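Right, one structure below, let's go through it.
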Amino acid sequence: MGIFEIHGLTPKVILAPMAGVTDAPFRAAVRGFGPTFVFSEMVASRELLRDRRSAVLRLKADTDTGAFGIQLAGRDVESMVEAARIAEGEGTSLIDINMGCPAKKVVGGLCGSALMREPELAVAIASSVVRAVSVPVTVKMRLGWDDASITAPSLAQSLEGCGVQAVSVHGRTRCQFYEGAADWSRIADVKRAVRIPVFANGDVRTPEDARSILSVTGADGVLVGRGAFGAPWRLMQMQDAIDGRAVREAPPADEAWSVALQQYRHSEAHYGTDAGRRIVRKHLGWYAEQLGLARAERDALVRTRDAGPLLDRLARGLTLAEAA
Ligand SMILES: Cc1cc2nc3c(=O)[nH]c(=O)nc-3n(C[C@H](O)[C@H](O)[C@H](O)COP(=O)(O)O)c2cc1C
């Protein structure tokens, strides 16, 4: 479990890698509520080698927030090894290999969850990356390609054999995409199959869910994706529930909006003003949903060119109507 250690602690709740979501500004927002281990957005190895500048923006170490993991995607051993070396050079604490992404673009390029149908290639990639870097290597996978091929337990065993130090398992098959409910009981089969830590993932939205998935699966920790949308404090609450402490309240609305404002400013600084405002927009919609803004106010917030002044008013406890 030590590989996810941060500031001497081993958080059991980890922010899942999410393309277009878990960028440096959002990771910092999550870290503002406690020492959570966070993953980068997925970085395609070929893209990284071709256009280093934009990809490196996604894997730059979080100077203000410490340890984090970079997730790489690809099916070409050489480019994965090269990308892993670049990621290590950028200061990542560990490298995760994506074997779970169902998107056509990634699967069409025959990486992501397609690797679950090619276990030999999956193992070749993982073992080459393990040999190439000195940071720990982990793998994120799904249960299998479809219901007829639940290969996660055997793949996890093979990966353990080649030096992968932990796996996380999203309790759906590739063919399910995001439909239906995640099947936590099948994650338990992976846990039983290996000795390395297993992180359970899928449909963990509340502190109670976080406790349940650990008890159903026996997993060592939980990866949280959509449950953190617009609620970077939720991981802290989940950690409370797992530790058996009283779950801390979500921050009051004005404080929560000030977190959103901070993320907005961070995004402007990170990507440049215009790109940053565009990229952070979906997060503002999620904050609005979490914090119960009326539809018209939510629309005003996500449609305006510069949401800064509106966020500032919300952070001072005013409504947008009062502010106008
Ligand atoms: C917008 C979005 C982007 C995602 N991008 C990635 C990714 O880059 N790499 C990855 O391994 N999984 C990715 N996922 C999957 C999540 O990491 C996670 O496995 C999935 O959402 C299930 O967990 P949840 O129910 O907690 O959201 C993404 C999910 C979403 C919703």
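If you're wondering where the values come from, they're calculated on a predicted model, not measured in any experiment.
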Point to revise | For Leu159 against Ala122, the heavy-atom pair lying closest together | key: CD2-O, 4.3 Å
Revision key, fill the gap. Minimal heavy-atom distance between Pro232 and Phe26, with the atoms involved, is CB-CE1, 4.2 Å
Point to revise | Joint cluster assignment, Ile150 & Val169, ILVMFWY side-chain distance < 4.5 Å | key: yes
Check your understanding: Is any side-chain heavy atom of Phe68 closer than 4.5 Å to a side-chain heavy atom of Leu94?
Key -> no
Point to revise | Heavy-atom closest pair, residues Gln176 and Ala181 | key: NE2-O, 4.0 Å
Practice item. May I have the step-by-step check of side-chain hydrogen bond (donor to acceptor under 3.5 Å, both in side chains) for Tyr264 and Asp312, ending in yes or no? Key: CA-CA 10 Å; Tyr264 185 80; Asp312 185 61; over 6 Å; no
Review point. Side chain of Gln157, backbone of Ala193: donor and acceptor closer than 3.5 Å?
Key: yes
**Study point:** Between CE on residue Met236 and CZ on residue Arg245, distance to nearest 0.5 Å
**Key:** 9.5 Å
Could you tabulate the donor-acceptor pairs under 3.5 Å formed by side-chain atoms of residues 250-259, not counting sequence neighbours?
unit_1: Ser258; atom_1: OG; unit_2: Glu255; atom_2: O; d: 3.4

Check your understanding: Is it true that Val198 and Val216 fall in one hydrophobic cluster, defined by side-chain heavy atoms closer than 4.5 Å?
Key -> yes
Exercise for review: Kindly say whether Gly100 contributes a backbone atom to a donor-acceptor pair with the side chain of Asn98 at under 3.5 angstrom?
Suggested key: yes
Check your understanding: Does Lys140 reach the side chain of Leu223, with side-chain heavy atoms less than 4.5 Å apart?
Key -> yes
Review point. How far apart are the closest heavy atoms of Ala84 and Ile95, and which atoms are they?
Key: O-CD1, 3.4 Å
Check your understanding: When rounded to the nearest 0.5 angstrom, what distance separates CZ in Arg316 from CG in Leu311?
Key -> 11.5 Å
**Study point:** Nearest atoms (heavy-atom pairs only) where Ile213 meets Trp184
**Key:** CD1-NE1, 3.3 Å
Exercise for review: Would you check if the side chain of Glu160 reaches a backbone N or O of Arg195 as a donor-acceptor pair within less than 3.5 Å?
Suggested key: yes
**Study point:** Within 6.0 Å of CD in Glu208, more than 12 heavy atoms from elsewhere
**Key:** yes
Exercise for review: State, without any angle test, whether Asp209 and Ser212 hold a side-chain donor-acceptor pair at a distance under 3.5 Å.
Suggested key: no
Review point. Below 4.5 Å, heavy atoms only, C-beta onward: do Met99 and Leu155 meet side chain to side chain?
Key: yes
Exercise for review: Begin from the C-alpha positions of Gln290 and Arg234 and carry the test side-chain hydrogen bond (donor to acceptor under 3.5 Å, both in side chains) through to its verdict.
Suggested key: CA-CA 11 Å; Gln290 286 292 328; Arg234 186 131 319 127; 3.1 Å; yes
Review point. If you measure from the Lys or Arg side-chain nitrogens to the Asp or Glu carboxylate oxygens, is any gap between Arg186 and Asp189 under 4.0 Å?
Key: no
Point to revise | Where Arg205 and Gly227 come nearest, the two heavy atoms and their spacing | key: CD-CA, 4.1 Å
Exercise for review: Might you work through the side chain to side chain contact (heavy atoms under 4.5 Å, CB included) test for Val224 and Met238, ending with a clear yes or no?
Suggested key: CA-CA 9 Å; Val224 178; Met238 291 174 175; 3.5 Å; yes
Exercise for review: Please determine if Arg50 and Glu47 form a salt bridge, counting it only when a charged side-chain N lies under 4.0 Å from a carboxylate O.
Suggested key: no
**Study point:** Within 6.0 Å of CZ in Arg295, more than 12 heavy atoms from elsewhere
**Key:** no
Check your understanding: Are the side chains of Val13 and Gln237 in touch, meaning some heavy atoms are under 4.5 Å apart?
Key -> no
Review point. Are Trp145 and Pro102 side-chain neighbours, meaning at least one heavy-atom pair lies under 4.5 Å?
Key: no
Exercise for review: Go through Ile70 and Leu72 one step at a time and tell me if the side chain to side chain contact (heavy atoms under 4.5 Å, CB included) criterion holds.
Suggested key: CA-CA 6 Å; Ile70 285 175; Leu72 297 176; 4.0 Å; yes
**Study point:** Trace of the side chain to side chain contact (heavy atoms under 4.5 Å, CB included) decision for Arg174 with Asp146
**Key:** CA-CA 6 Å; Arg174 185 274 176 184; Asp146 59 21; over 6 Å; no
Check your understanding: Can you tell me how far the CG atom of Asp240 sits from the CZ atom of Arg211, to the nearest 0.5 Å?
Key -> 11.0 Å
Check your understanding: So does Arg277 have more than 12 non-hydrogen atoms from other groups sitting under 6.0 Å from CZ?
Key -> yes
Review point. Is Thr217 reaching over with its side chain to a backbone N or O of Ala219, donor-acceptor style, under 3.5 angstrom?
Key: yes
Review point. Any salt bridge between Asp274 and Arg278, counting N to O under 4.0 Å?
Key: no
Practice item. Measure the spacing between CD of Glu289 and CG of Leu284 and express it to the nearest 0.5 Å. Key: 12.5 Å
Practice item. State, yes or no, whether a side-chain contact exists between Arg313 and Leu310 at a heavy-atom distance under 4.5 Å. Key: yes
Study note, to complete from the structure: In this structure, OG of Ser149 is separated from CE of Met116 (nearest 0.5 Å) by 8.0 Å
Exercise for review: Might you work through the side chain to side chain contact (heavy atoms under 4.5 Å, CB included) test for Arg172 and Asp183, ending with a clear yes or no?
Suggested key: CA-CA 6 Å; Arg172 288 188 175 83; Asp183 184 345; over 6 Å; no
Review point. Do Gln239 side-chain atoms and Lys12 backbone N/O form a donor-acceptor pair below 3.5 Å?
Key: yes
Review point. Tell me, do Glu297 and Thr319 make a side-chain contact under 4.5 Å, heavy atoms counted?
Key: yes
Practice item. Please work out whether the ring planes of Trp233 and Phe33 are parallel, tilted or perpendicular, with thresholds of 30° and 60°. Key: perpendicular
**Study point:** Leu235 side, atom CG; Ile242 side, atom CD1 - distance, nearest 0.5 Å
**Key:** 9.5 Å
Exercise for review: Using modelled atom types only, decide if a donor and an acceptor are shared between the side chain of Glu118 and the backbone of Leu115 within a distance under 3.5 Å.
Suggested key: no
Show me the donor-acceptor pairs within less than 3.5 Å that the side chains of residues 128-139 make with the rest of the protein, sequence neighbours left out.
unit_1: Ser128; atom_1: OG; unit_2: Ala124; atom_2: O; d: 2.8
unit_1: Ser134; atom_1: OG; unit_2: Glu88; atom_2: OE2; d: 2.6
unit_1: Thr138; atom_1: OG1; unit_2: Asp96; atom_2: OD1; d: 2.6

**Study point:** Worked check of salt bridge (Lys or Arg N to Asp or Glu O under 4.0 Å) between Asp203 and Arg226
**Key:** CA-CA 8 Å; Asp203 298 346; Arg226 293 163 294 174; 3.3 Å; yes
Exercise for review: Answer yes or no on whether Arg142 is positioned over the face of Tyr178, meaning its NZ or CZ is under 6.0 Å from the six-membered ring centre and within 45° of the axis.
Suggested key: yes
Review point. So, does Ser154 use its side chain to make a donor-acceptor pair with the main chain of Thr151 at under 3.5 Å?
Key: yes
Exercise for review: Taking the side chain as every heavy atom from C-beta outward, state whether Leu314 and Tyr287 have any atom pair closer than 4.5 Å.
Suggested key: no
